[in-house]
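Before any comments, here is the structure.
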Amino acid sequence: MTTGIKGFNDILPGEVERWQHIEATARRVFGLYGYAEIRVPILEKTELFCRSIGDTTDIVEKEMYSFVDKGENAVTMRPEGTASVMRAYIEHKLYAQDPVAKLYYMGPMFRYERPQKGRYRQFHQIGAEVTGVTDPKVDAQVLTMLCHFFAELGLTEPTLQINSLGCPECRPVYREALKSFLRERLDQLCDDCKRRYETNPLRALDCKSAHCKEATADAPAMLDHLCAGCDDHFAATRRHLERAGTPYSINNRMVRGLDYYTRTTFELVTGLLGAQSAVAAGGRYDGLIADLGGPAVPGIGFAMGVERVALLLGQQEFARRPDLFIAALGAEAQDEAFRLMCGLQRLGVSVEMDYEGKSLKSQMRRSDKFNSRFTLIIGSDEMANGRATLKAMDSGTQSDVLLDPAAIAGEVK
RNA sequence: GUGGCUAUGGUGAAGGGGUCUAACACACAUGACUGUGACUCAUGCAUCCGUGGGUUCAAAUCCCACUAGCCACCCCA
């Protein structure tokens, strides 16, 4: 038997309803804030991700599904959405009409990692991006919308953490300050952090090792090294969040994995997903659009992991409930049931029936299993006098109804 | 790429060398109720315990390998 690929999952009926609910909620909430959907391809030129995410990030170095296609092009199955959306924004010159674009997307992403709880090789993200606004009101609005979305789903547990990563002005200065701090206590750090000291010293700040936590307890914080512009931006973002009534906390040790982030970064974190605490995350990327060959337009956005959101929603039921089940006895009645079913469905009534000519008892059981609201019973008597028995399943009361779709629809609606 | 744990039916699982042609429960099917569900009762539903090899008179039960899944590290949504 051929099985699916490791880390690539089927989403079966029963679970897919939860996904549809998440997606529909995103469309509704994001629409409220004026975002339009954009659909971009799953495959892009490999260079797009190297340039945007960063050549030396883990994603690009070891996690991408990259291959050479039959036209000898180096292509990659997208590991995230922002790069593609910005590529489309630039390629179609959306900025020419209006540099301000508010876009959202949803779909599968691919990363070659070892699967574990809340992490899969094909996973799904719903993301949103705003271009063309530097004002921190937009930072606050993006975060407010994200929290609004979770509130609509009834999820209050994930909490918002924010940080600022500075800009190309102040970050290098901070990076050096941190390195010189770490240099003093390299011997106290774990092997991973020793390795990261050169490549990505900021990572030491959120290392899980107790020794590293202790050693970096008094490490300099990015927030204390922001330039005037970044400092003002962060302060204003906080003020606007308070104005919007969006609760948050500051996590000055938050580190993001993609190179393009500047200034505001954030995560929606939960303690309910094992090692995967981030349900949604994002940040500002003021240099990305220019880096990709577009105009000097700022941007900010986030992505959430749909699998993780679905996990948080738990086993909540989204079962459908048919309006009517038709139980028919005998070939003639079955034919009539089929005619009625087709007519009723055209009238907007959801109908189920049995196709195997089973006993009435068996059909009643099936009707009950479907949790249908009504059952229509048709046998030879009913066929003879043109009326059938309509049973309301919740109360058990029965009535007579004409064998006519419109008449039945009137009773069932 | 590294480490730990697990692997019995449609599902959750019990059983840790012979009494296992594998408990129990759910689900499913049929019937008791000859045309009425949800309750009740009865009956049926794994010749077989991830795959391959080994130990043994005897293995679902012990050993080895492989494979798969899960969780964790790295990293990330």
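Naming convention: chains lettered A, B, ... in sequence-line order (proteins, then strands); numbering from 1 in each chain.
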C45(B) to G37(B) separation - C1' atoms, rounded to the nearest Å = 23 Å
Minimum-distance nucleotide (side-chain atoms of Asp381(A) versus G35(B), A77(B), C74(B)) | G35(B)
Can you find a donor-acceptor N/O pair under 3.5 angstrom joining the side chain of Lys361(A) to the base of U36(B)?
-> no
Ignoring hydrogens and angles, are the base of G35(B) and the side chain of Glu382(A) linked by a donor-acceptor pair under 3.5 Å?
-> yes
Under-3.5 Å donor-acceptor pair between Arg119(A) side chain and C75(B) base | yes
Mind checking which stems touch RNA chain B? I mean at least 3 consecutive Watson-Crick or G-U pairs, both distances under 3.5 Å.
-> B:1-7 with B:67-73, B:10-12 with B:24-26, B:28-32 with B:40-44, B:50-54 with B:62-66
Under 4.0 Å between a side-chain N/O of Lys6(A) and OP1 or OP2 of G69(B), yes or no?
-> yes
Does any donor-acceptor pair link the side chain of Arg308(A) with the base of C76(B) at a separation under 3.5 Å?
-> yes
From C75(B), U36(B), G3(B), pick the nucleotide closest to the side chain of Arg114(A)?
-> G3(B)
Syn/anti state for G4(B) [syn: chi within 90° of 0] | anti
Report yes or no: is there a donor-acceptor pair, N or O only, under 3.5 Å between the side chain of Gln363(A) and the base of U36(B)?
-> no
Mark yes or no for a side-chain to base donor-acceptor pair under 3.5 Å between Lys391(A) and G37(B), with no hydrogen or angle criteria applied.
-> yes
With the sugar-phosphate defined as primed atoms, P, OP1 and OP2, and the base as all remaining atoms, what B/S/- string results for nucleotides 25-30 of chain B, 5' to 3', for protein heavy atoms under 4.0 Å?
-> ---S-B
